[in-house]
Amino acid sequence: MLEKFKILGKKKEYEGHIVDFYSYDMEVPNGNRVTWDIIEHKGAAAILPVDREGKIILVRQYRGAIDDFLLEIPAGGRDSVEEDFKVCAARELEEEIGYRSEQIHHLLDYHSAAAYTSEKIGIYYTEELIPSSQHLDENEFVQIERYTLDELTEMIFEGKITDGKTIAAVMTYKALKNKEK
């Protein structure tokens, strides 16, 4: 059985708007002491919205870390570590694509990069969309696109969709739909 590593201490190296950067002093199972770089994140939520025609609504947006555009399901960070993931998902649904829903279902939880960040993303889906209005942040710019589940699956395998949470959501939703048949 694997032994859990021991966190001996942590030091905040940088406090950011979205993430905090820490140095963790660790003791590994063989007794060695090491320093790990960890990004602490309050968590996020995402939602896979399905319209009346069965198309999944995504947003294409610029991501500075990769200096490129990504096609993604609507998502965003929680306002605080206390905010319910489902509440965050509902907010992002309306903010990014201008819909709300009273029928939001949990799909899966996703750790985006557990080797160096605590970020956990609660991923949901809805098949009942109610038109509302889009409320993008002042510096947020998105293009809304709609695809069938089969189109998205093909785009994943062609490498046209590389966003991890979107891949996880689409493939899990596809498995759920296949199970329902």
Side-chain angles (χ1 to χ4, degrees), residues 5 7 10-26 34-49 56-99 104 106-126 134-147 149 151-174:
F5 292 27
I7 300 172
K10 66 181 189 177
K11 178 183 171 194
K12 187 184 284 185
E13 302 287 351
Y14 175 79
E15 184 173 334
H17 176 68
I18 297 173
V19 299
D20 296 329
F21 180 85
Y22 285 86
S23 294
Y24 276 41
D25 292 320
M26 306 290 296
V34 296
T35 301
W36 285 359
D37 296 333
I38 303 291
I39 297 169
E40 290 193 2
H41 189 282
K42 63 186 170 251
I47 188 160
L48 186 141
I56 297 168
I57 305 171
L58 293 100
V59 294
R60 187 174 302 275
Q61 61 185 324
Y62 178 77
R63 293 301 191 182
I66 63 167
D67 190 26
D68 205 354
F69 290 87
L70 283 182
L71 187 59
E72 309 172 47
I73 57 176
R78 296 192 298 167
D79 287 340
S80 71
V81 294
E82 292 83 25
E83 183 180 32
D84 184 87
F85 286 93
K86 187 174 181 180
V87 169
C88 180
R91 180 182 68 245
E92 292 301 321
L93 176 69
E94 189 165 21
E95 280 183 11
E96 291 195 2
I97 65 167
Y99 286 94
I104 294 175
H106 184 258
L107 191 58
L108 73 146
D109 291 327
Y110 175 80
H111 286 97
S112 62
Y116 61 86
T117 182
S118 63
E119 182 185 41
K120 174 182 167 183
I121 304 173
I123 302 177
Y124 297 81
Y125 75 96
T126 183
Q134 193 179 41
H135 305 285
L136 295 173
D137 294 334
E138 181 182 3
N139 296 311
E140 187 174 26
F141 304 91
V142 302
Q143 177 176 303
I144 296 171
E145 301 181 22
R146 297 170 191 254
Y147 297 93
L149 186 55
E151 288 172 327
L152 290 176
T153 303
E154 186 175 321
M155 291 167 75
I156 288 168
F157 288 114
E158 291 174 346
K160 293 178 180 174
I161 296 176
T162 60
D163 176 61
K165 71 183 172 305
T166 301
I167 293 169
V170 168
M171 300 310 284
T172 303
Y173 182 74
K174 182 175 182 130

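Remember, it's a predicted structure, so these values are computed and weren't measured experimentally.
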Point-to-point distance, once rounded to the nearest 0.5 Å, from [atom1] of [X] to [atom2] of [Y]:
{"X": "I47", "Y": "Y124", "atom1": "CD1", "atom2": "OH", "result": "9.0 Å"}
{"X": "T153", "Y": "Y147", "atom1": "OG1", "atom2": "OH", "result": "13.5 Å"}
{"X": "T126", "Y": "I104", "atom1": "OG1", "atom2": "CD1", "result": "5.5 Å"}
{"X": "D79", "Y": "K42", "atom1": "CG", "atom2": "NZ", "result": "7.0 Å"}

How close do [X] and [Y] get, counting heavy atoms only, and between which atoms?
{"X": "C88", "Y": "G77", "result": "SG-O, 3.6 Å"}
{"X": "E96", "Y": "L136", "result": "CA-CD2, 3.9 Å"}
{"X": "L107", "Y": "A169", "result": "CD2-O, 3.5 Å"}
{"X": "M26", "Y": "I7", "result": "SD-CG1, 3.6 Å"}
{"X": "P49", "Y": "L93", "result": "CB-CD1, 3.7 Å"}
{"X": "I121", "Y": "S112", "result": "CD1-CB, 4.4 Å"}

[X]: partners by side chain to side chain contact (heavy atoms under 4.5 Å, CB included), with sequence neighbours left out:
{"X": "K160", "answer": "M155, E158"}
{"X": "T162", "answer": "L70"}
{"X": "A75", "answer": "A46, K165"}
{"X": "I156", "answer": "I161, I167, V170, M171"}

Expected list for residues 57-66: side-chain donor-acceptor pairs under 3.5 angstrom, two or more places apart:
unit_1 : atom_1 : unit_2 : atom_2 : d
R60    : NE     : E145   : OE2    : 2.6
R60    : NH2    : E145   : OE1    : 3.0
Y62    : OH     : D67    : OD1    : 2.6
R63    : NE     : E72    : OE2    : 2.8
R63    : NH2    : E72    : OE1    : 3.0
R63    : NH2    : E72    : OE2    : 3.3

With sequence neighbours excluded, residues passing side-chain hydrogen bond (donor to acceptor under 3.5 Å, both in side chains) with [X]:
{"X": "D84", "answer": "none"}
{"X": "R78", "answer": "none"}
{"X": "E83", "answer": "R91"}
{"X": "K11", "answer": "none"}

Check: Can you list the residues that meet the ring-ring contact (aromatic ring centres under 6.0 Å, His included) rule with F5, with sequence neighbours excluded?
Finding: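 Testing F5 for ring-ring contact (aromatic ring centres under 6.0 Å, His included), a comparison that skips the adjacent residues, returns W36.
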Check: Between the main-chain N or O of A113 and the side-chain N or O of H111, is there a donor-acceptor pair closer than 3.5 Å?
Finding: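 Absent.
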Notebook entry, point to check: Is the backbone N or O of E140 less than 3.5 Å from a side-chain atom of D137, with the two atoms forming a donor-acceptor pair by type?
Noted result: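 It does not hold such a pair.
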Should [X] and [Y] count as side-chain neighbours, where that means a heavy-atom distance under 4.5 Å?
{"X": "D109", "Y": "F85", "answer": "no"}
{"X": "T172", "Y": "I123", "answer": "no"}
{"X": "I56", "Y": "Y173", "answer": "yes"}

Item checked: All salt bridge (charged side-chain N to carboxylate O under 4.0 Å, His left out) counterparts of K86, not counting sequence neighbours ->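 Once residues adjacent in sequence are excluded, K86 has no partner under the salt bridge (charged side-chain N to carboxylate O under 4.0 Å, His left out) criterion.
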In a table with atom names and distances, give each donor-acceptor pair under 3.5 Å that connects a side chain of residues 17-24 to protein atoms at least two apart or in another chain.
unit_1 : atom_1 : unit_2 : atom_2 : d
D20    : OD1    : G16    : N      : 3.3
S23    : OG     : E13    : OE2    : 2.8
Y24    : OH     : E40    : OE2    : 2.5

